[in-house]
A.B. asks: 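What follows is a single structure, and I will ask about it in a moment.
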Amino acid sequence: MPEGDVLHRLAATFDQEFAGRACRVSSPQGRFAASAARIDGRTVAGAHAVGKHLFVGFVGAPPAEPLWLHVHLGLYGSWRFAGDEDFAAPPSIGAPRVPVEAASPREGAWRPPEPVGQVRVRLSTDHGVADLSGPTRCELLSDAERRSVEAALGPDPLAPGASTDGAARRRFVDGVRARRRAVGELVMDQSIVAGVGNIYRAESLFLAGVSPLRRGDRVSRTRLGALWDIVCRLMAHGLEAGRIETVDPGDAPEPPLSGDPEASRWYVYHRTGRPCLRCGTPVREQAMQGRRLFWCPSCQR
DNA sequence: AACTTATGACTAA
DNA sequence: TAGTCCTAAGTTG
């Protein structure tokens with residue numbers, strides 16, 4: 001479920017709330033028990049995200065080599081957080097879509113709550129815990145292994161300075177131009193651009209006016225460059241806002257469609273058959289690689 | 001209780 | 001392209 005914006009927020013949360021602290025690592029569910037034992041008690045060095053991949057670094061006493069916890073949330077993985085009054089993490093990041101309620105006011109010394117549901121990994125410090133459930137990937141990597149995972153990814157629109165990084169922009173444009181597959185498939189290909197998922201695909205292609213069905217090698221460099229800029233802008237906004245919002249206020253109908261502001265939170269995503277917010281043409285939907293694809297056949301050529 | 005859905009990605013054929 | 005994996009919530013019967 002999460003796209004790159006969520007992963008970068010997650011990395012920032014771990015960096016702020018866990019870095020520099022000694023950390024207990026366990027696997028309440030049991031499936032990560034052996035790996036958890038290898039880093040239990042180590043200190044968190046820091047965390048970062050590349051695309052949809054999260055890396056949390058753990059330093060050990062020499063000669064133990066540093067190890068990275070590598071997590072990919074997949075379609076429905078999530079982290080839940082809880083901690084004392086100085087613990088600034090949100091209640092959850094990732095699925096479930098409806099955030100869990102904040103913990104009730106605590107009194108006295110903070111104590112970690114019991115894990116709820118299937119918790120693959122629990123990271124626990126003296127002021128907060130993070131529980132991971134439902135990841136599609138969760139493993140321990142050496143630094144070399146971490147670098148090779150990152151090397152397989154395309155440019156990340158949320159990497160520091162990405163929006164003004166000409167080389168990253170060119171890598172994206174060249175990557176798409178080199179293939180005959182549909183652009184709609186290419187922007188979801190993590191080796192072409194890292195972090196774009198089903199919502200950013202639909203919305204960025206709409207804003208760029210590019211049909212997702214058009215072959216990559218038949219989209220002009222100019223339009224692909226503009227598409228990269230749009231992806232950078234949308235994802236930076238999502239990271240800041242804490243949720244994916246793509247509709248320019250000038251395009252939002254007033255009063256809101258069917259009285260529901262959420263009905264025009266996106267231009268085309270999940271709006272099959274409803275009028276395009278720009279031109280009124282019914283939004284179209286078709287399956288692409290097993291995912292639902294949405295676009296306006298009139299605005300997107 | 002069974003079925004459906006979800007912001008993902010891999011493998012086999 | 002189909003099947004598989006990971007989990008929880010919502011809908012249907």
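All of these numbers come straight from a predicted model, not from anything done at the bench.
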A.B. asks: With P as the reference atom in both, quote the distance from B:dA13 to C:dC5 in angstrom, rounded to an integer.
C.D. replies: 15 Å

A.B. asks: Which is true for A:Gly290 with a 4.0 Å heavy-atom rule: it touches a base, it touches only sugar-phosphate, or it touches nothing?
C.D. replies: nothing

A.B. asks: How close or far is atom P of B:dA9 from atom CE of A:Met188, stated in whole angstroms?
C.D. replies: 7 Å

A.B. asks: What is the separation between atom NZ on A:Lys52 and atom C1' on B:dG8, rounded to the nearest whole Å?
C.D. replies: 6 Å

A.B. asks: Looking at A:His72, I'd like to know whether one of its side-chain N or O atoms comes within less than 4.0 Å of OP1 or OP2 on B:dA9.
C.D. replies: yes

A.B. asks: Write down the distance between CZ (A:Phe294) and C1' (B:dA6), rounded to a whole number of angstrom.
C.D. replies: 11 Å

A.B. asks: With a 4.0 Å cut-off on heavy atoms, is A:Glu203 in touch with a base, just the backbone sugar-phosphate, or nothing at all?
C.D. replies: nothing

A.B. asks: Separation of A:Asp5 atom CG from B:dG8 atom C1', in whole Å?
C.D. replies: 14 Å

A.B. asks: Around atom CZ of A:Arg215, are there more than 12 heavy atoms of other residues, nucleotides or ligands at under 6.0 Å?
C.D. replies: yes

A.B. asks: What is the distance, to the nearest angstrom, from the CG atom on A:Leu7 to the P atom on B:dG8?
C.D. replies: 11 Å

A.B. asks: A:His48 and side chain to side chain donor-acceptor pair (under 3.5 Å): which partner among A:His53, A:Glu150, A:His8?
C.D. replies: A:Glu150

A.B. asks: Mind checking if A:His53 touches a base, just sugar-phosphate, or nothing, with heavy atoms under 4.0 Å?
C.D. replies: nothing

A.B. asks: Report the distance from atom CG of A:Leu153 to atom P of B:dC10, rounded to the nearest whole Å.
C.D. replies: 10 Å

A.B. asks: Starting at atom CZ of A:Arg137, determine the distance to atom P of B:dA9, rounded to an integer number of angstrom.
C.D. replies: 10 Å

A.B. asks: Base, sugar-phosphate, or nothing: which does A:Ile244 touch, judged by heavy atoms less than 4.0 Å apart?
C.D. replies: base

A.B. asks: Just compare B:dA6, B:dA9, C:dT7 and give me whichever is closest to any side-chain atom of A:Arg120.
C.D. replies: C:dT7

A.B. asks: Looking across every strand, which nucleic acid part, if any, lies under 4.0 Å from A:Arg31 by heavy atom: base, sugar-phosphate, or nothing?
C.D. replies: sugar-phosphate

A.B. asks: Given C:dT7, B:dT5, B:dG8, identify the nucleotide with an atom nearest to the side chain of A:Arg292.
C.D. replies: B:dT5

A.B. asks: Counting heavy atoms from C-beta on, name the nucleotide in C:dT7, B:dA6, C:dC5 closest to the side chain of A:Leu75.
C.D. replies: B:dA6

A.B. asks: Identify whether any heavy atom of A:Gln118 sits under 4.0 Å from a base atom; if not, whether one sits that close to sugar-phosphate; answer base, sugar-phosphate or nothing.
C.D. replies: sugar-phosphate

A.B. asks: For A:Arg221, I'd like to know if atom CZ has over 12 heavy atoms of other residues, nucleotides or ligands within 6.0 Å.
C.D. replies: yes

A.B. asks: Select base, sugar-phosphate, or nothing to describe what A:Arg291 touches, counting heavy atoms under 4.0 Å on all strands.
C.D. replies: base

A.B. asks: Side chain of A:Arg80 only, please: which of B:dA6, C:dA9, B:dG8 is the nearest?
C.D. replies: C:dA9

A.B. asks: How many whole angstroms separate atom CD of A:Glu139 from atom P of B:dC10?
C.D. replies: 12 Å

A.B. asks: Over all strands shown, is A:Gln289 touching base, sugar-phosphate only, or nothing at heavy-atom distances under 4.0 angstrom?
C.D. replies: nothing

